[in-house]
Number of protein chains: 2
Amino acid sequence: MSVRYALLGLLAQQPRHGYELRAAFEALVGGRDTWEVKPGQVYATLERLEEAGLIAEVGVEKEGGPEKRIYALTPAGREALQEWFHTGVVGDHHRDEFFVKLMVGLLVEGTDLHRLIQVQRNTLYQELHRFTRQRMEADSQTELAYVLFLDKVVMHLEADLRWLDMVEARLEEIQRQPTPQPEPKPRGRPRAKREA
Amino acid sequence: MSVRYALLGLLAQQPRHGYELRAAFEALVGGRDTWEVKPGQVYATLERLEEAGLIAEVGVEKEGGPEKRIYALTPAGREALQEWFHTGVVGDHHRDEFFVKLMVGLLVEGTDLHRLIQVQRNTLYQELHRFTRQRMEADSQTELAYVLFLDKVVMHLEADLRWLDMVEARLEEIQRQPTPQPEPKPRGRPRAKREA
DNA sequence: TGACAAATCTCCTCACCTGTAGTATACTTT
DNA sequence: AAAGTATACTACAGGTGAGGAGATTTGTCA
């Protein structure tokens, strides 16, 4: 979703073509390999946006090299963008890969859970170190937004580490619990429910 | 990636068919609509796992209804699972949708950034409330792992809220910064670099 | 000095994996 | 008959990885 709307926003500024959009997007989110977008995604997204009537092709330039297909925002696109601004973002809290790994580890016999946790802790510390250094190197005069972004990442990594400690501390307790079974659903037509 | 390996783990326990795997997966990650997986994903993933040689179809049951195609783990699959256990998970720190929205908001003229932030804050508080209640309702005797998961979500939401406050406090400063331009890359063959 | 190879950018395409949404058929219970 | 589970499939959207044809600059060598 993010890329889709980011492209709309960039086209609201001025008409552009695919390659240019890609560069502008990466600059927008901080440059320096934060959020790399693959060309394929840009062009595919543009096609869908065009099909949805949110953008329109307004010209083609051909000067020597390959064609540049230039897109611009339509009124419907401008509206969609406004709507996006007025809607809150709900995070993907589910789908935490490490949580799944931990659960699967509990399931599979002979898994060394302490090691599992240790590996994850190392990974998190490495990331923390990397982002902290990036943060120090960044110039908050010219890249303030990028700095704020790094702050957020660091805060999340610290939260992850604290959580990991909690998990390790209670590991014995967790291991004592039985593996969860899916509860069977009643089949057939449900009984008529009389009002409470 | 998570679903892929979770299916491997569940098959390591015992051979199963698609529908059963879906139910088992959702039970594993806590039930109660945490992490809903669509049937399509399960079947598509199973096909790819089979093609990759990590699982194999070991039988078909047909008792009345549709066929049940039963899969089991292969030795290669068991190996892949072990490798997963021994690898750290690096989070998707980039691709934070709200961050992009904020940046796009700075770009587009006439955007009310305070409102943008306010909407997001409301959303986060609602989520926080929802998960906090779920956490209180959960029974940490029988669902300890699920409780830990909720703890993590809450910690992250709190971090998001603190970060949002920071952003709002420094908003004027952020708005004063120019929109980032993609830096042009030098074309042609790069100059030979002599060693430092 | 002029020709050509090397490296890299510009712009777009294709093939694939992951995940979401909706559909279809058969069975089971009220 | 109605309603809902059990089991599977199809279609599409989002995202990754690889790559290809042409333009542009630099290094090199006769």
Side-chain angles (χ1 to χ4, degrees), chain A residues 1-7 16-26 33 35-52 54 57 59-71 92 94-95 97 100 182-194, chain B residues 1-7 16-26 33 35-52 54 57 59-71 92 94-95 97 100 182-194:
Chain A
M1 288 280 86
S2 323
V3 172
R4 183 188 171 102
Y5 286 101
L7 294 185
R16 306 176 198 248
H17 57 93
Y19 190 92
E20 194 186 346
L21 281 167
R22 180 174 182 241
F25 175 84
E26 297 195 344
D33 296 330
W35 208 323
E36 182 189 359
V37 179
K38 305 298 159 69
Q41 189 181 351
V42 173
Y43 295 107
T45 304
L46 285 175
E47 276 171 25
R48 285 182 223 114
L49 285 173
E50 185 175 23
E51 202 187 1
L54 305 184
E57 194 177 323
V60 175
E61 274 180 39
K62 182 162 176 62
E63 35 172 59
E67 295 184 338
K68 294 194 251 187
R69 290 208 301 277
I70 298 176
Y71 291 94
D92 260 9
H94 14 277
R95 51 210 73 187
E97 182 167 343
V100 176
E183 44 192 69
K185 302 184 184 172
R187 303 184 59 163
R189 176 178 182 162
R191 292 155 188 269
K193 50 177 170 231
R194 35 219 72 220
Chain B
M1 287 280 85
S2 324
V3 172
R4 183 188 170 103
Y5 285 102
L7 295 184
R16 306 179 198 247
H17 58 93
Y19 190 92
E20 194 185 348
L21 281 167
R22 178 173 183 244
F25 176 83
E26 297 195 345
D33 296 331
W35 207 322
E36 183 189 357
V37 178
K38 304 299 160 67
Q41 189 179 353
V42 173
Y43 296 109
T45 304
L46 286 174
E47 276 171 24
R48 284 180 225 116
L49 285 172
E50 184 175 23
E51 201 187 0
L54 304 184
E57 194 176 325
V60 176
E61 272 181 41
K62 179 159 178 66
E63 34 172 58
E67 293 184 336
K68 295 193 251 186
R69 290 211 301 279
I70 298 174
Y71 292 93
D92 260 9
H94 11 277
R95 53 211 74 184
E97 181 167 343
V100 175
E183 46 191 70
K185 301 183 184 173
R187 302 184 61 165
R189 176 176 182 162
R191 292 156 188 270
K193 52 179 168 230
R194 35 218 71 220

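Chain A is the first sequence line, chain B the second, and so forth, proteins listed ahead of strands; every chain is numbered from 1. None of the values given here were measured: they were computed from a predicted structure.
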How many whole angstroms separate atom [atom1] of [X] from atom [atom2] of [N]?
X	N	atom1	atom2	answer
Glu36(B)	dG22(C)	CD	C1'	13 Å
Met1(A)	dA13(D)	CE	C1'	8 Å
Glu47(B)	dA11(D)	CD	C1'	14 Å
Lys38(B)	dA24(C)	NZ	P	18 Å
Tyr19(A)	dC11(C)	OH	P	7 Å
Arg48(A)	dG15(D)	CZ	P	8 Å
Glu57(A)	dC12(C)	CD	P	10 Å
Lys68(A)	dC12(C)	NZ	C1'	13 Å

Test item: [X] and [Y] side chains (from C-beta on) under 4.5 Å apart, heavy atoms:
X	Y	result
Phe25(B)	Val3(B)	yes
Tyr19(B)	Lys68(B)	no
Arg69(A)	Leu46(A)	no

Any [X] side-chain N or O less than 4.0 Å from OP1/OP2 of [N]:
X	N	value
Arg4(B)	dT18(C)	yes
Arg69(A)	dT10(C)	no
Gln41(A)	dT16(D)	yes
Arg95(B)	dT16(D)	yes
His17(B)	dA8(D)	yes

Handout entry: Donor-acceptor pair, side chain of Glu26(B) and main chain of Val37(B), under 3.5 angstrom
Key =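 Present.
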
Problem - Trp35(B) to Ser2(B) - nearest heavy-atom pair and separation - result: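 Distance-wise, the nearest heavy atoms are CH2-CB, 3.6 Å.
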
Handout entry: Whichever of Tyr43(A) and Glu51(B) has its nearest DNA chain C nucleotide further upstream toward 5'
Key =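 Mapping each residue to its closest nucleotide by heavy atoms, the 5'-most match is Tyr43(A).
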
Exercise for the section: May I ask you to say what Gly18(B) touches in the nucleic acid, namely base, sugar-phosphate or nothing, with a heavy-atom cut-off under 4.0 Å? Expected result: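 Sugar-phosphate contact only.
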
